[in-house]
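Contents: one structure, followed by commentary.
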Amino acid sequence: MRPYEPAAIEPKWVARWEEEGLYRAVGDGARPRFYALDMFPYPSGDLHMGHAEAFSGGDAIARFRWMQGHDVLHPIGWDAFGLPAENAAIRRGIHPKEWTYANIDQQRRSFRRMGMSFDWSRQFNTCDPGYYRWTQWLFLKLFERGLAYRKLAPTNWCPKDQTVLANEQVVNGACERCGTPVVRRDLVQWFFRITDYAQRLLDDMEGLEWPERVLTLQRNWIGRSEGAEVRFEIAETGDEVTVFTTRPDTLWGVTFFVFAPEHPLVRTLARAGGSAEEVGALLDRLQATPLTSREQAESREGVRLGVHAVNPVNGEKVPAFVAPYVLMEYGTGAVMGVPAHDQRDFEFAREHGLPIRVVIAPEGAELDPDGMREAWPHEGVMVHSGPFDGTPSPESIGRVTAWLREKGIGGPAVTYRLRDWLISRQRYWGAPIPIVHCEVCGEVPVPEEDLPVLLPDDVDFQPGGESPLARHPTWKHVACPRCGREAVRDVDTMDTFVDSSWYFFRYCSPHEETRPFDPEAVGAWMPVDQYTGGIEHAVLHLLYARFLTKALHDMGMVGFVEPFRRLMNQGQVIYDGAAMSKSKGNIVEPMPIVERWGADTMRLTMLFAGPFEDDIDWKLIAPDPDRPPPAYHFLGRLWRAVCEAAASDAPEPEPLVRMRHRTVRVVTADYERFRFNTAISRMMELTNEIRRTLDAGGGAREAASVLVQLLAPMAPFVTEELWREVLGNEGSVHTSAWPSFDPELARE
RNA sequence: GCGAGAGUGGCGGAAGCCGGUAGACGCGCCGGAUUUAGGAUCCGGUGCCCGCAAGGGCGUGGGGGUUCGAGUCCCCCCUCUCGCACCA
């Protein structure tokens with residue numbers, strides 16, 4: 001009997017499978033289609049442990065579906081533009097292009113070595129002009145429909161990376177990529193109008209088979225809030241100011257009024273109220289304050305504007321303030337102050353000596369405003385509220401809202417936390433925004449036939465506050481496409497997340513040269529049946545991709561509104577309780593392990609370590625780097641058992657027959673639910689039973705054959721070698737028909 | 001604070017929706033066989049406590065409840081992880 005030697009068998013099969021064209025998606029409709037998608041990798045180096053984990057699971061699903069008779073689309077490509085590659089290239093003193101393509105080559109080699117069942121004929125990189133011309137094309141389509149627009153807005157600026165960031169890319173007030181606290185900058189930037197889709201992004205979650213965690217994250221991020229809007233008037237100037245509130249039932253408790261510092265009326269009202277100097281000083285100070293420290297300061301500072309707001313429900317005049325605790329980005333940028341029933345307003349009132357008026361009373365009790373130590377934000381009965389006295393809480397909000405509408409001073413309103421997606425980047429390594437700025441014509445889209453707007457290679461790409469493209473001597477100077485006068489190109493590039501928000505469409509027809517994708521191919525393959533990737537994209541990529549799909553749907557380009565039917569998140573691979581990182585020096589590389597012990601061992605170890613969505617602590621799983629990871633021993637046992645079983649023609653005893661059928665039943669169900677770990681444990685049991693049977697003189701050929709098939713999606717090499725060379729089958733185990741079971745025999 | 005999820009041997013983890021011998025499978029450890037040797041292979045043992053043994057007792061974060069029967073269902077509490085966090 002030959003020993004189990006992964007290094008001797010694995011490379012051989014990589015070559016054979018490619019020769020035989022085993023993993024080409026056909027798309028002829030002869031078999032049911034299955035689109036198995038893995039989040040495409042970012043080429044920042046060789047594959048890491050996270051890739052090994054994610055792709056082991058994604059590949060198992062694709063192979064399982066293949067054996068079940070599906071026509072599987074399992075593509076691969078590279079998310080190749082963006083900051084990390086650019087920063088790494090700068091550190092190494094080489095061109096981002098060179099660095100990126102070298103990494104792609106390396107990752108491609110590693111994927112092949114691992115035996116991934118990708119359809120290599122469909123691969124592409126987002127930094128290739130053949131791809132990004134269509135990213136630019138999509139920008140133009142969004143622009144046409146008013147979904148891409150430019151505005152002056154306060155933005156999150158990363159001082160280290162020298163670019164603006166989207167809200168989704170700011171984590172705890174710091175740059176998602178480098179951890180530097182972001183500062184505020186007012187800049188004219190391009191945005192995608194994702195807020196138009198806020199409600200649909202919420203509603204369409206209903207039909208998604210996604211982990212609850214991810215849906216919750218998206219729901220929170222969109223942050224729908226129901227309430228009312230109410231129009232106040234500024235007594236001294238007659239300006240009308242609308243506020244949003246979730247508690248219209250507390251309107252009779254308003255004792256002051258507050259504007260966000262960025263509110264457009266603040267400076268004029270300050271002048272009108274005689275507080276221009278003091279207010280100006282506050283605004284100047286805030287302008288220089290990083291967003292983070294401003295958000296974290298829970299101070300209740302504020303300045304009296306000197307004007308008053310008129311409460312429309314009772315005509316009372318209350319003093320107006322400007323205060324940093326009110327955010328321009330949420331609601332209308334102005335709020336009514338109800339200290340008795342809102343904690344922030346309570347603190348503000350105490351700080352500034354403002355009256356506290358109780359208008360909601362707890363069941364059968366009174367609140368004493370002077371004795372209150374905090375606001376009372378709970379339900380209760382309305383008091384001191386004119387016509388609404390005695391109205392109990394649950395329905396009071398609706399009644400007051402209806403009344404506001406009748407009186408013409410407000411009405412129901414919904415507000416979302418979601419902000420428009422800022423997509424401009426002041427960096428080199430990205431797709432140029434296909435717009436020309438003309439002094440006469442304004443923002444002029446680059447004509448479709450002139451796409452792509454090529455990213456020039458000869459640029460000093462050091463970040464420097466404005467886009468490096470601006471420093472190129474000639475690139476930006478063009479004739480206006482509309483009037484022919486001298487004009488300049490937009491010098492910013494697009495956020496990498498724009499590139500990745502549509503790549504899954506491209507896979508369906510990757511060689512299209514006259515359009516981004518063939519709608520027919522997209523209609524046939526999509527939505528994606530199974531999407532595998534990390535949870536870190538819960539409110540980034542996954543939200544953007546959903547938005548873009550809906551936009552394409554509205555343009556009549558696709559017939560569905562959700563791109564990913566089913567989503568599976570793998571856990572992280574950590575080491576000794578902490579994330580692997582260069583600074584900690586605890587990085588374990590997957591490829592040396594693959595070279596030494598085999599890809600099958602690597603894959604099976606990942607999948608057996610625990611539930612797919614749970615984190616794996618590599619130190620606990622494989623504490624000694626010089627000893628084989630645990631799955632290696634199992635594969636050796638399997639190898640010997642199958643070799644022995646193949647050599648015997650003795651009849652298979654009934655207990656083994658039953659176990660064989662049972663295993664097929666349970667393992668099939670486990671694959672469907674991504675329960676790789678328990679599937680493997682079942683196969684280990686079958687392996688043990690085969691050994692016992694053989695030792696007792698029984699036969700186990702059929703059981704061994706079934707076992708090899710069941711394991712094939714997770715350990716493609718050893719099973720192929722056993723299937724063809726040991727069990728003597730003609731074709732590949734990976735195109736063999738998934739074993740069936742007799743329900744009678746498969747009973748427990 | 002709000003939201004989501006989780007607490008099971010020395011360790012990773014099993015015990016589906018719908019209560020039925022808790023700890024499958026594996027790692028580690030202990031003992032044995034084979035071997036020049038082994039980090040190779042094979043066999044046996046391994047939740048905790050008492051006991052030489054037969055056997056007995058205790059066990060799924062804590063407390064209570066429902067039930068013939070609870071890791072699983074209900075109530076209260078504790079701990080941990082992850083999001084969001086001045087969102088009006």
Side-chain angles (χ1 to χ4, degrees), chain A residues 1 3-4 171-173 211-225 227-230 243-248 250 254 257-258 260 294-301 323-338 341-348 374-375 377 413 415-419 535-536 538-539 569 571-572 577 604-606 608-611 613-634 636-637 639-640 666 669-670 672-673 675 677-688 691-692 695 748:
Chain A
M1 191 199 297
Y4 171 52
V171 179
N172 293 328
E212 197 50 47
R213 275 197 302 175
V214 179
L215 295 176
T216 303
L217 284 171
Q218 290 213 355
R219 249 180 238 119
N220 291 346
W221 189 260
I222 295 167
R224 182 190 153 96
S225 186
E229 54 179 25
V230 188
V243 300
F244 173 76
T245 177
T246 52
R247 293 296 303 274
T250 65
V254 172
F257 194 93
V258 194
R294 177 173 151 196
E295 274 173 4
Q296 279 161 10
E298 291 191 6
S299 95
R300 292 292 105 129
E301 72 170 320
Y325 86 91
V326 176
L327 309 172
M328 191 61 218
E329 295 81 38
Y330 187 77
T332 62
V335 302
M336 58 190 213
V338 185
H341 306 293
D342 180 284
Q343 186 57 25
R344 295 154 302 179
D345 295 348
F346 181 85
E347 290 162 15
F348 191 83
E374 56 183 13
T415 296
Y416 301 89
R417 207 189 77 117
L418 183 68
R419 303 267 64 86
I535 191 151
E536 67 273 18
V539 291
N569 295 119
Q572 291 201 340
L604 214 55
T605 298
M606 286 290 188
F608 184 58
E613 60 277 10
D614 287 7
D615 288 353
I616 294 173
D617 193 327
W618 192 257
K619 191 182 180 195
L620 296 178
I621 294 301
D624 183 348
D626 285 324
R627 292 176 63 177
Y632 186 80
H633 298 289
F634 166 61
R637 280 199 298 277
W639 176 269
R640 289 183 291 276
V666 175
D670 279 348
E672 263 151 19
R673 290 153 54 214
R675 299 171 54 106
N677 56 330
T678 52
I680 293 167
S681 78
R682 287 293 186 150
M683 291 189 252
M684 287 171 166
E685 288 179 275
L686 182 58
T687 308
N688 293 341
R691 299 201 62 90
R692 272 192 292 275
D695 286 349
E748 293 288 341

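Numbers restart at 1 for each chain; the letters A, B, ... are given by sequence-line order, proteins then strands. Any value given below was found using the heavy atoms of this structure, including those in side chains, with hydrogens, waters and symmetry copies removed.
For the pair A:Gln218 CD and B:C84 P, the computed distance is 13 Å after rounding to whole Å. Rounded to whole angstrom, the span from the CD atom of A:Gln343 across to the C1' atom of B:A85 amounts to 15 Å. At whole-Å resolution of the value, CG in A:Leu215 and P in B:G83 are 17 Å apart. Rounded to whole Å, atom P of B:G16 lies 18 Å from atom CD of A:Glu672. Put simply, CH2 on A:Trp221 is 17 Å from C1' on B:A4, counting in whole angstrom units. Remark: C1' of B:C87 and CG of A:Asp342 are 11 Å apart, rounded to the nearest angstrom. For A:Phe608 and B:C11, the CZ to P distance is 17 Å, given to the nearest whole Å. What separates CD1 of A:Ile535 from P of B:A6 is a distance of 13 Å, to the nearest Å.
Across B:A24, B:G16, B:G3, the shortest atom-to-atom separation from the side chain of A:Arg673 is found for B:G16. In the set B:G26, B:A88, B:G13, the nucleotide with an atom closest to the side chain of A:Asp614 is B:G13. Among the nucleotides B:G12, B:C42, B:G16, the one closest to the side chain of A:Arg640 is B:C42. Each of B:A85, B:G26, B:G13 was ranked by its minimum atom distance to the side chain of A:Arg417; first place goes to B:A85. The side chain of A:Thr216 lies closest to B:G3, out of B:G3, B:G39, B:A85. When distances run from any side-chain atom of A:Thr245 to the nucleotides B:G39, B:G83, B:A88, the shortest one goes to B:A88.
Using a 4.0 Å heavy-atom criterion, one finds that A:Pro611 contacts the sugar-phosphate atoms exclusively. Across all strands, A:Glu212 comes closer than 4.0 Å to no nucleic acid atom at all (heavy-atom distances).
Taking the six-membered ring where the residue is Trp, A:Tyr330 and A:Phe244 present perpendicular rings, their angle passing 60° and hence far from 30°.
With RNA chain B read from its 5' end, the first of the two nearest nucleotides for A:Met336 and A:Gly610 is the one closest to A:Gly610. Looking at which nucleotide of RNA chain B each of A:Thr678 and A:Leu217 is closest to, the 5′-most match is held by A:Thr678.
For A:Ser225, a side-chain nitrogen or oxygen approaches OP1 or OP2 of B:A88 to under 4.0 Å. Distances shown here put a side-chain N or O of A:Asn688 below 4.0 Å from the OP1 or OP2 atom of B:G26. In this model, the phosphate group of B:A14 is approached by a side-chain N or O of A:Asn677 to a distance below 4.0 Å at OP1 or OP2. Taking 4.0 angstrom as the limit, A:Arg675 places a side-chain polar atom (N or O) nearer than this to OP1 or OP2 of B:A15.
Side-chain contact between A:Thr605 and A:Trp618: present, with at least one pair of heavy atoms (C-beta onward) separated by less than 4.5 Å. With contacts defined as side-chain heavy-atom distances shorter than 4.5 Å, the pair A:Ser225/A:Arg417 does not qualify. A:Leu215 places a side-chain heavy atom less than 4.5 Å from the side chain of A:Arg219. At a threshold of 4.5 Å between non-hydrogen side-chain atoms, the residues A:Arg419 and A:Trp221 do not count as touching.
With a 3.5 Å ceiling on both atom-pair distances, the Watson-Crick or G-U wobble partner of B:C58 is B:G47. Base pairing annotation: B:G9 forms no Watson-Crick or G-U wobble pair, as no partner gives both donor-acceptor distances under 3.5 Å. B:C42: Watson-Crick or G-U partner is B:G32, with both key distances under 3.5 Å. Searching all strands for a Watson-Crick or G-U wobble partner of B:A14 with both distances below 3.5 Å returns nothing. Under the Watson-Crick and G-U wobble criteria, each requiring two contacts below 3.5 Å, nucleotide B:C52 is left unpaired. When Watson-Crick and G-U wobble pairs are counted only if both distances are under 3.5 Å, B:G3 pairs with B:C82. Base pairing of B:G69: no nucleotide in any strand meets the Watson-Crick or G-U wobble criterion (both distances under 3.5 Å).
A distance of 9.0 Å separates CZ of A:Arg247 from CG of A:Asp342, quoted to the nearest 0.5 Å. The line from CD1 of A:Ile680 to CG of A:Asp670 is 10.0 Å long, rounded to the nearest 0.5 Å.
Of the P atoms belonging to B:C29 and B:G7, the separation is 28 Å, rounded to the nearest Å. For B:G64 and B:G55, the P atoms lie 32 Å apart once the distance is rounded to whole Å. B:A14 and B:U8 have their C1' atoms separated by 10 Å, with the value rounded to a whole Å. B:C58 and B:G62: their P atoms are spaced 15 Å apart (whole Å). Straight-line distance between the C1' atoms of B:G47 and B:G12: roughly 16 Å, to the nearest whole Å. Straight-line distance between the C1' atoms of B:G56 and B:A6: roughly 35 Å, to the nearest whole Å. For the C1' atom pair drawn from B:C84 and B:G39, the interatomic distance equals 49 Å after rounding to whole Å. Taking the C1' atoms as reference points, B:A85 lies 28 Å from B:C76, given to the whole Å.
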So which protein nitrogen or oxygen atoms get under 3.5 Å of nucleotides 27-37 of chain B's nitrogens or oxygens?
from, atom 1, to, atom 2, distance (Å)
B:G28, OP1, A:Arg627, NH2, 3.2

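A salt bridge does not link A:Lys619 to A:Asp617: none of the charged nitrogens lies less than 4.0 Å from a carboxylate oxygen.
Annotated as anti: B:G56, whose O4'-C1'-N torsion sits more than 90° from 0.
In this structure a side-chain-to-backbone donor-acceptor pair under 3.5 Å is missing from A:Arg637 to A:Thr687. The closest donor-acceptor contact from the side chain of A:Gln343 to the backbone of A:Ala375 lies under 3.5 Å. In this structure a side-chain-to-backbone donor-acceptor pair under 3.5 Å is present from A:Asp615 to A:Gln572.
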